[in-house]
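So that the names make sense, note that chain A is the first sequence line, chain B the second, and so on, each numbered from 1.
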There are 2 protein chains.
Amino acid sequence: MSVTLADVARRAGVSPATASRALSDRPHVAVATRARVRAAAEELAFVASPDAAGLARGTTGRVGVVLPHLSRWFFGAVLEGIESVLRHERIDLLLYRVGDAADRRAFFDTLPARRKVDALVVLGLPVDARERERLELMGVTIVAAVGQVAGHPFVGVDDHVAGRQAVDHLVHLGHRRIGMIAATDPQSDGYPDARSVAYRDSLADAGIPYDEDLVAVVDWGGAGGAEGMARLLGLREPPTAVYAHSDEVALGAVRTLRRAGLRVPEDLSVIGIDDHPLADLTDLTTVRQPAREQGEVAARMVLAALADAPGADVPGARAPGGVTLPTQLVVRRSTAPPRDGVTAPPRDG
Amino acid sequence: MSVTLADVARRAGVSPATASRALSDRPHVAVATRARVRAAAEELAFVASPDAAGLARGTTGRVGVVLPHLSRWFFGAVLEGIESVLRHERIDLLLYRVGDAADRRAFFDTLPARRKVDALVVLGLPVDARERERLELMGVTIVAAVGQVAGHPFVGVDDHVAGRQAVDHLVHLGHRRIGMIAATDPQSDGYPDARSVAYRDSLADAGIPYDEDLVAVVDWGGAGGAEGMARLLGLREPPTAVYAHSDEVALGAVRTLRRAGLRVPEDLSVIGIDDHPLADLTDLTTVRQPAREQGEVAARMVLAALADAPGADVPGARAPGGVTLPTQLVVRRSTAPPRDGVTAPPRDG
DNA sequence: CTGAAAGCGCTAACAA
DNA sequence: TTGTTAGCGCTTTCAG
């Protein structure tokens, strides 16, 4: 079919073994021989079969990424980060999307990546005990990003901190009646919780009583945000500021406000989380989390693990170090002090 | 290292050949034998090595996707479409991102996907003659999506039509002074051209003279859009409506307007292209192009080609059929008739 | 430094 | 129906 190593060897007048060594830059090859082999390979436009090489060597040269979404900016950005560092090592990326609960079950049950990758990056999928157990069956390096997998290295941000940065900002602005639009993502739950807890904690610290009516739980995404805001607006006494679990949700809320003839931030402040590129375009105040960078770190962890354990599969020999990247408040123009003194100023004004 | 087919065969008391047949649901295996083999495989938690199988069979079970961006909604959505149909055939996805000119050259020069995939989807990268020639070297099925590769099947939309739908809408609304923010994407140029040509054609049909001052050429993205709009606003006589090459660009333009204290669409109309999810959230009028569906069609083309030519690599035997999906005007709230009769009504008002 | 030989784990004729 | 015999294309001891 195609040119093989044997062809090259023959043409260079050496054995396949030597040709192999010569082409993969391994020692014990005379410079002249190496040159000859290289020339032969060049002339024949030879390209080694990674699969055959891998079979013989026991590695695949690929790493898999399991993630819940492909079309959301955040996941794409993380993926870009992963890709950008792995490409330098000539490692290929295999994608496994688990869109819904069924996908998820199927993935962990059948482990489609088994025997196909040297490592797996679990992205944005907090994994439970059973799932983790299944994963271990793959016998490969596992790294978690944006969510954890017990016993394995991970990268992420502190969602509690991020949430506090957002709500604290609102509090410092003088808001006392702060609503929350909490988004649930059936796939990657976990951090929504931390973001919700942050809300309660921030209010508590500010001495603001928690009012259940002020939190709307909706589906992730713009539509959810729009709906949540509508609910909040329907309150006898609506909030003067709203904390949304993500920028998409926040943008949905903004649309509801706009359609209701309310102005942001004059009539109501809105803050999101993530710093989606469109947040900048829409002047949305938010808390930035480094997306691409999380991917880069995850990929470096993979590389490190692969270098450490060249095939070693000793379950105990893993170093489940974790890296938490900082988040940062980005004040734009969707937040401002409450319009009038209808509520008391914050304690630490 | 891990459980092999030989282990299973031994345990089931059959030869590896039979075990292989039994496990891959091929004929000529007694039901009882098949059951026995299956049981053995089950007990040993056996999983065949796809690489070894592929090596022997001459296929990889993977298809590659080359694309310029991972974090843009549009590409992610197309990718989701591809993934969703390929997963059913248990085909894996290998990603190749060519972010800039250097990546691009490197990709076509070194062909990193060579010998690693059964087919390649070229997504959003109009390929030139030399690049195409390199691609052929891979000797695999090639399908183009959102851009073409001469001589190979492709899916896409008609960008000229899309552009006309957008500009015609503005014209029908009564606008005569219509600006364009043309975006150039160093990677995937090609369609921006069609979108620009549509602008000229639409104006010509409406009897509106082409005014070079009214077109701002900027980089793709929100920042570009913002900048382009600023330029247009600086004109002695600014346009009453603006046609942007994409929703992101349009949103950037909207931000500039908002910051300038201008209202959309009262003071100025803005239209984009794509129907990005955030277009809905921002009430942006646009022309929708089916993203996910383009991916699905591309994947089906791959499947068809793979089924047709099970290994056949006869260069002439390809059926380079193309599929063009429809685009559709989505009127929201960023476009309206011009404010006053400062310009003459359109011919076909 | 180089070559021969033995796989890596599976599939595919071809017999039996 | 099942087993035997060859590989797929490369790497890797182990001699030489």
Side chains of Ser20(A) and Arg26(A), donor plus acceptor under 3.5 Å: yes
Any donor-acceptor pair under 3.5 Å from Arg134(B) side chain to Phe108(B) backbone: yes
Side-chain H-bond candidate by donor/acceptor type, Asp103(A) with Tyr96(A), under 3.5 Å: no
Side-chain donor/acceptor of Thr60(A) to backbone N/O of Asp118(A), under 3.5 Å: yes
Given dT1(D), dG9(D), dA12(C), the nucleotide with the shortest approach to the side chain of Ala17(B): dA12(C)
Proximity to the side chain of Thr4(A) - top-ranked nucleotide from dC10(D), dG3(D), dT1(D): dC10(D)
Residue-phosphate contact under 4.0 Å: Ser15(A) side-chain N/O, dA4(C) OP1/OP2: no
Candidate nucleotides dT11(C), dT11(D), dT2(C), ranked by approach to the side chain of Leu5(A) - the nearest: dT11(D)
Distance test, side-chain N/O of Arg21(A) to OP1/OP2 of dC10(D), below 4.0 Å: no
Glu136(B) with Arg132(B): basic N within carboxylate O range, under 4.0 Å: yes
Stem regions touching DNA chain D, defined by at least 3 consecutive Watson-Crick or wobble G-U pairs below 3.5 angstrom: C:1-16 with D:1-16
Donor-acceptor pair, side chain of Glu80(A) and main chain of Arg292(A), under 3.5 angstrom: no
Thr33(A) side-chain N/O to dT2(C) phosphate OP1/OP2 under 4.0 Å: yes
Donor-acceptor pair present, Arg115(B) side chain and dG9(D) base, under 3.5 Å: no
Distance test, side-chain N/O of Ser20(B) to OP1/OP2 of dC10(C), below 4.0 Å: no
Euclidean distance, atom CG of residue Leu44(B) to atom C1' of dG9(C) [Å, nearest integer]: 15 Å
